[in-house]
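One-based numbering, in listed order, for ligands and for the atoms of each.
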Amino acid sequence: MAQPAEGRRAAPLRFLSLQVADLIRRAGAQFGDRPALVHGARTMSFAELDAQTDRLGRALLARGLAPGDRVAALMPNGIDGIVAYYALAKSGLVRLPLNARETPTEHAHKLADSGARALIAPEDVPGHDVEVRIGVHELPGMIERAGAGVCAVARPPGVPLRLAYTGGTTGAPKAVMLTDGNEMCEIAAFLCDLLPGLTPNHTMLHAAPVTHGSGAFLLPHLVRGARNVVLERFSAEAWLDAAERERATATFMVPTMLAMLLEEPATGDASLAITHLCYGGAPTAPTLLRRALDTLGPVLAQTYGQAEAPLAITLLRPDEHDEPRLTSAGRPYTFVEAEIFGEDGEPVGPGETGEVVSRGPHVMQGYWNDPQATAETIDERGWLHTGDLGRWDEEGYLHLVDRRHDVIISGGFNVYPREVEDTLLTHPAIVEAAVVGVPDERWGERIAAAVVARGPVTPQELEDHCRDRLAGFKRPRHIELWDELPRSPVGKSLRREVREAMVNT
Ligand code: AMP
């Protein structure tokens with residue numbers, strides 16, 4: 001709901017001095033031998049998680065790493081990855097997650113841009129120019145050899161807990177700096193609004209990579225003594241099997257996963273204990289939500305945020321999933337301010353469309369090494385400009401209208417058109433390229449490209465060209481050769497018109 005912008009405190013706010021590492025230690029003391037993490041047949045107790053993160057934290061520092069150093073981690077979804085995550089939190093190191101679906105070139109960019117000193121990755125991942133290379137298979141030995149003892153190293157002032165790369169609004173991947181305070185706010189928001197009443201009898205099923213949205217659910221469950229069950233890869237069958245076997249009570253999915261779950265015939269007959277099927281990270285079609293409600297009952301919970309304010313701007317609770325709210329992303333979390341600013345930078349009232357802005361302890365510290373981009377995104381009053389367009393309804397529910405810039409979301413992954421265009425343009429025959437997302441029932445959006453060539457070339461050759469250079473989810477699935485691209489008066493290619501033409505043919 002629109003609120004006056006005046007008289008509010010300016011960000012950045014420091015929410016709490018408590019750190020993520022403290023919460024792991026406390027959970028270890030409080031919940032001891034109870035199961036904290038489960039992956040297949042392997043279980044790790046709270047006490048073991050605390051002890052192993054201490055050991056690995058010290059082992060990492062013993063490899064010559066110093067607090068504040070960036071450590072990239074390319075790890076499969078599983079217990080070891082989570083241990084590494086909290087070991088980095090305890091040792092004052094900065095975690096930089098890499099996505100296994102990206103190419104070595106994309107990884108190289110993140111490593112160079114962040115100045116990573118270390119890389120934890122499977123042995124067969126190509127060597128990158130980092131000082132300290134740690135194989136995933138070395139971790140158990142490092143933990144074993146480190147011996148017992150606490151690891152509690154303060155992060156130097158201003159150094160973030162982790163970096164999360166995002167295309168931001170300009171297309172060049174930038175690292176979002178997230179602090180312990182940001183994570184504390186996320187936990188508080190989840191425990192207060194999304195999953196109140198968690199107990200040791202609850203179980204979170206991580207269907208999606210914990211390096212992305214699902215990871216936000218780890219700590220709220222850990223601090224309440226609840227279990228986190230991790231799947232290495234999502235499939236509807238694997239999810240159903242684990243949800244039934246483990247009596248999972250909560251899970252997180254991007255809309256594409258929800259669609260896959262509903263396509264699976266066994267879903268309707270499953271005996272589930274799920275009370276919160278959380279979804280978000282991308283727009284979800286109301287038709288999909290209606291089908292999900294029919295099949296799964298009133299268990300859907302939508303959360304809206306972005307890398308700069310992870311998952312915690314607005315929430316649509318299970319009891320709010322009815323018409324006409326199904327097209328809404330919900331209302332702001334308790335500790336979060338959200339507004340919609342009109343063109344003049346002032347809040348607009350219900351029914352008017354503008355840019356969604358948000359302020360509070362969930363908002364990132366800034367972009368890594370990019371004060372200019374930070375200043376362009378967080379204004380002097382502390383408002384984070386999300387780049388999303390939306391409007392309020394009369395009851396204060398947010399309806400997201402469109403993305404201000406042209407980010408394509410395919411299968412829950414963000415694809416930045418410019419990166420794809422730049423890749424197409426590295427082909428010698430291509431002179432112009434416009435990349436857009438076209439609606440796709442399964443993936444939400446599919447990548448399509450219109451290109452102008454200076455010589456003979458086929459769409460197949462261009463697809464082959466992209467195959468070596470872009471992760472699968474970024475590759476154009478449909479390429480058309482055009483004589484020219486539509487341009488604005490100042491000569492910019494008009495992606496919007498390209499998209500309309502593609503959708504209408
Ligand atoms: P990322 O920074 O990769 O997490 O992407 C964030 C963007 O995804 C947001 O700025 C929105 O455009 C979109 N998004 C996230 N959550 C939702 C949601 N619940 N509904 C619609 N769009 C969403």
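- Side chains of His362 and Asn182: no donor on one and acceptor on the other come within 3.5 Å.
- Near Asn414, meaning under 4.0 Å from one of its heavy atoms, ligand 1 places the atoms 1 (P), 3 (O), 5 (O).
- Polar contact check, Gly281 against ligand 1: a nitrogen or oxygen pair lies under 3.5 Å apart.
- In terms of N/O distances under 3.5 Å, ligand 1 is approached by Gln306.
- Side chain of Gln19 to backbone of Asp180: no donor-acceptor contact under 3.5 angstrom is found.
- Defined by atom type and a distance below 3.5 Å, a donor-acceptor pair is missing between the side-chain atoms of Thr314 and Arg331.
- Contact atoms of ligand 1 toward Asp388: 9 (C), 10 (O), 11 (C), 12 (O) (distance under 4.0 Å to a heavy atom of the residue).
- Considering only non-hydrogen atoms, atom 7 (C) of ligand 1 lies nearest to Gly305 out of Ala307, Gly444, Gly305, Gly280.
- Which parts of ligand 1 touch Ile409 is read off a 4.0 Å heavy-atom cut-off, strictly below it: atoms 8 (O).
- Using a 4.0 Å cut-off to heavy atoms of Gln302, the atoms of ligand 1 that qualify are 18 (C), 19 (N), 20 (N).
- With no hydrogens or angles considered, no side-chain donor-acceptor pair links Ser358 and His385 at under 3.5 Å.
- In summary, Arg475 and Glu463 do not engage in a salt bridge, as defined by a charged side-chain N under 4.0 Å from a carboxylate O.
- Side-chain N/O atoms of His478 and Glu480 include a donor and acceptor closer than 3.5 Å.
- Backbone and side-chain nitrogen or oxygen atoms of Thr386 are examined, and none is located within less than 3.5 angstrom of a nitrogen or oxygen of ligand 1.
- Look at Val407 and you'll find every heavy atom at least 4.0 Å from all atoms of ligand 1.
- Contact atoms of ligand 1 toward Leu400: 20 (N), 21 (C), 22 (N) (distance under 4.0 Å to a heavy atom of the residue).
- Side-chain atoms of Asp113 and Tyr165, non-hydrogen and from C-beta on, do get closer than 4.5 Å to each other.
- A salt bridge links Lys474 with Glu106: at least one charged nitrogen is closer than 4.0 Å to a carboxylate oxygen.
- Heavy atoms of Thr303 found under 4.0 angstrom from ligand 1 belong exclusively to the backbone.
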